2 protein chains.
Amino acid sequence: MHYSERILGYVKRAEQATQSAKERALREFGLTPAQQTAMAILSDHEGITGAQLARECDVTPQTMNSTLVRLERRGIVERTPHPMHGTLVEIRLTRAGRNLFAAADARVAELDAALSKSLDDVELGTLKELLTRIGATAKDQ
Amino acid sequence: MHYSERILGYVKRAEQATQSAKERALREFGLTPAQQTAMAILSDHEGITGAQLARECDVTPQTMNSTLVRLERRGIVERTPHPMHGTLVEIRLTRAGRNLFAAADARVAELDAALSKSLDDVELGTLKELLTRIGATAKDQ
DNA sequence: TGATGGTTATCAGATGGCTGATAGTTAACA
DNA sequence: TGTTAACTATCAGCCATCTGATAACCATCA
């Protein structure tokens, strides 16, 4: 199989194109795709820890920590030591963070809708299913 | 649409899982996915320039340059000034680079075959087509 | 001829991802 | 009780990627 026809390449190219579109959409908010993803999880899980957030975003705790440092510097999230547990640090969106997220997420939702419109409903479901299956297979390798 | 059901996320997760599998497969050769991709193009395009290689790999010339610096340091590629054109630099795999690529690419082909086996032939074709379409739509955004 | 614009290579600096390592905390159990 | 195992946070360093900037070169055409 020539490398240009490998499924690995198809997935890679599609991801590059879609994430790049997401990056362009987020630029006006000063956010990167990774930051927006972390904020989306945070908006659903008040007071989550960094390690849990990393698992939800499917990155390492170290990667998540570096993202959080940047978001904290800008006053988008705040980290407070857990009241009972000595090691844990609870993470929350600040008020400014919630406002920024609401605006940015609406823009991302708009992009996602535009992407989805290039496929009909059946195709969209098929694509999600096939991507899930091939992702699961990859994890077993 | 809740963020967990967005097509952006499905593509991202699948890419992360498959590229991570590729990274694990390449580790024994001391190569990263980006390096292997550049070597694959080089093996097909003897004497290509950095800018052309960047376009083929769909990255910026700067990104490709940093990858080439690393490959050159390890004696995997060589860069020689174009005989006629003053600015251009021709890039080639060295003999060692060709040998390394042959071994590493066989391993990647094996991984790709394993991933492909989780789908039947029709599904594989469908996946490629849908990924191509959604990627093209993303580029228009 | 010479100026303009497009291409190439490459430096610098930021971000996000990884692995490896360290230190502290908690929980479980012999 | 004390030790061990697991988890958490975080530092350091590497790689890949981007944007922005610079310098050199080439081609075209007024």
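If you're wondering where the values come from, they're calculated on a predicted model, not measured in any experiment. We name chains A, B, ... by the order of the sequence lines, and we start the count at 1 in each one.
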Checklist entry - Does the distance from a Lys or Arg side-chain N to an Asp or Glu carboxylate O, for A/Glu110 and A/Arg107, drop under 4.0 Å? => result yes

Checklist entry - D/dC18 phosphate, OP1 or OP2: any side-chain N/O from B/Thr63 under 4.0 angstrom? => result yes

Next on the checklist: From the set C/dG16, C/dT8, D/dA16, return the single nucleotide nearest to any side-chain atom of A/Thr32.
Outcome noted: C/dG16

Next on the checklist: Counting only side-chain heavy atoms from C-beta out, which of C/dG17, D/dA16, C/dT8 sits nearest to B/Arg55?
Outcome noted: C/dT8

Checklist entry - Can you check whether B/Thr60 has a side-chain N or O nearer than 4.0 Å to OP1 or OP2 of D/dC18? => result yes

Checklist entry - Do B/Arg27 and B/Phe29 meet the cation-pi criteria used here (NZ or CZ under 6.0 Å from the six-membered ring centre, within 45° of the axis)? => result no

Checklist entry - When Watson-Crick pairs (N1 to N3 and N6-O4 or O6-N4) and G-U wobble pairs (N1-O2 and O6-N3) count only below 3.5 Å on both distances, what is the dot-bracket string of DNA chain C, with | for other-strand pairs? => result ||||||||||||||||||||||||||||||

Checklist entry - For D/dC14, does either OP1 or OP2 sit under 4.0 Å from a side-chain N or O belonging to B/Arg70? => result no

Checklist entry - Going by heavy atoms in the side chains, are A/Arg74 and A/Gln35 under 4.5 Å from each other? => result yes

Checklist outcome for this item: Regarding the side chain of A/Val59, the nearest nucleotide among C/dC11, D/dC15, C/dC18 is C/dC18

Next on the checklist: For a quick test of reading the model: is some side-chain N or O of B/Gln62 closer than 4.0 Å to OP1 or OP2 of D/dG20?
Outcome noted: no

Item to check | Pair A/Glu46 + A/Arg92, salt bridge at N-O below 4.0 Å | outcome: yes

Checklist entry - Over how many whole Å does the gap from B/Met64 atom CE to C/dA9 atom P extend? => result 11 Å

Item to check | Side-chain N or O of B/Arg79 closer than 4.0 Å to phosphate OP1/OP2 of C/dT10 | outcome: yes

Item to check | Nearest-Å distance for atom pair CG/C1', residues A/Leu68 and D/dC11 | outcome: 15 Å

Checklist entry - Just to confirm, is there a sub-4.0 Å distance from OP1 or OP2 of D/dA9 to any side-chain nitrogen or oxygen of A/Asn65? => result no

